[in-house]
Amino acid sequence: SGCITFDELLPFYMKSGHHHNELEPDVRAGFEHFMASQGKAASDGLSLDLFRKWLCKLSDEQVAAHYVRHVKGWADEPYKMNVRRAIVKDYMHKSLKEILDSPLHALRGLSELAEGALEPLGLHTV
């Protein structure tokens, strides 16, 4: 639809340097207030025009960069992820694809016994 939902935008918004000290309920309330001021429901999502208004203090180039990154999902560099603290030692040498195909006990804190409890939910691999 060309719109981005608040829940899609929130993780990026919260991680940005200007907002990391804000609480999610406050950010959500601010977003809902902004959307209401535009005659929209928060669930409608942000179109390019609303995205521009929300970031009105930014230049056109800055708005375009935000739109491309957060709506289109493009980045200047590949995303990096450090999973060392999330997986057990036996899986640290594996590729991300191999880790994702691994059994749940590859995750720290989950034993093979815990896998049985997660099986009824359809969870079999990371």
Side-chain angles (χ1 to χ4, degrees):
S1 71
C3 291
I4 186 170
T5 67
F6 179 75
D7 290 326
E8 291 172 314
L9 183 64
L10 183 63
F12 301 103
Y13 185 90
M14 296 300 289
K15 289 179 188 175
S16 70
H18 301 295
H19 306 288
H20 64 272
N21 289 328
E22 295 180 45
L23 298 175
E24 181 181 334
D26 296 335
V27 173
R28 189 173 295 275
F31 180 77
E32 289 170 357
H33 176 75
F34 166 77
M35 292 298 283
S37 75
Q38 302 299 311
K40 300 282 186 180
S43 59
D44 293 341
L46 286 170
S47 65
L48 179 57
D49 290 335
L50 280 177
F51 195 80
R52 182 179 300 278
K53 286 180 183 178
W54 193 36
L55 300 173
C56 66
K57 296 178 184 174
L58 301 178
S59 69
D60 286 346
E61 292 80 20
Q62 290 169 317
V63 170
H66 280 281
Y67 185 79
V68 165
R69 168 164 277 159
H70 302 301
V71 176
K72 298 294 185 183
W74 298 343
D76 297 334
E77 298 177 15
Y79 288 104
K80 298 176 184 176
M81 183 185 325
N82 184 352
V83 296
R84 289 177 84 60
R85 292 190 174 140
I87 58 174
V88 296
K89 197 176 208 177
D90 294 344
Y91 292 87
M92 287 187 185
H93 67 282
K94 299 195 181 273
S95 70
L96 184 58
K97 170 76 172 115
E98 291 172 313
I99 292 170
L100 293 174
D101 291 336
S102 297
L104 293 173
H105 67 264
L107 295 172
R108 279 192 180 183
L110 287 180
S111 69
E112 291 183 34
L113 296 174
E115 288 178 353
L118 298 171
E119 209 166 291
L121 300 173
L123 300 173
H124 305 286
T125 62
V126 174

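Counting begins at 1 with the first residue of the sequence. Keep in mind the model is a prediction, meaning the values are calculated, not measured.
With sequence neighbours excluded, the residues forming a side chain to side chain contact (heavy atoms under 4.5 Å, CB included) with L48 are Y67, listed by chain and number. Partners of D7 according to the side chain to side chain contact (heavy atoms under 4.5 Å, CB included) rule, which considers only residues two or more places apart in sequence or in another chain, are T5, R28. With sequence neighbours excluded, the residues forming a side chain to side chain contact (heavy atoms under 4.5 Å, CB included) with E119 are H124, listed by chain and number.
Across every non-hydrogen atom of E98 and S95, the tightest pair is OE1-N, 2.8 Å. What you find for C3 and G45 is that their closest heavy atoms are CB-C, 4.3 Å. Contact between F31 and A42 at its shortest, heavy atoms only, is CE2-O, 3.7 Å. Annotation for L104 and L123: closest pair CD1-O, 3.5 Å, computed over non-hydrogen atoms.
Atom OG in S47 sits 6.5 Å away from atom NZ in K40 (nearest 0.5 Å). Here CG of D44 is found 8.5 Å from CG of L50. Values are rounded to the nearest 0.5 Å. Taking CD1 of I99 as the start and OG1 of T125 as the end, the distance is 12.5 Å to the nearest 0.5 Å. Note that the CD1 atom of I87 and the CG atom of L110 stand 13.0 Å from one another [nearest 0.5 Å]. With rounding to the nearest 0.5 Å, the separation of CE in M35 from CG in L46 is 5.5 Å.
Side chain of R108 to backbone of A86: no donor-acceptor contact under 3.5 angstrom is found.
At least one side-chain heavy atom of F51 sits under 4.5 Å from a side-chain heavy atom of L9. Residues V88 and H105 are not in side-chain contact: their nearest non-hydrogen atoms beyond the backbone lie 4.5 Å or more apart. Considering only heavy atoms from C-beta on, E32 stays 4.5 Å or farther from F6 through its side chain.
Between D101 and K97 there is a salt bridge, with a side-chain nitrogen of the basic residue lying less than 4.0 Å from a carboxylate oxygen of the acidic one.
K94 NZ: more than 12 foreign heavy atoms inside a 6.0 Å radius.
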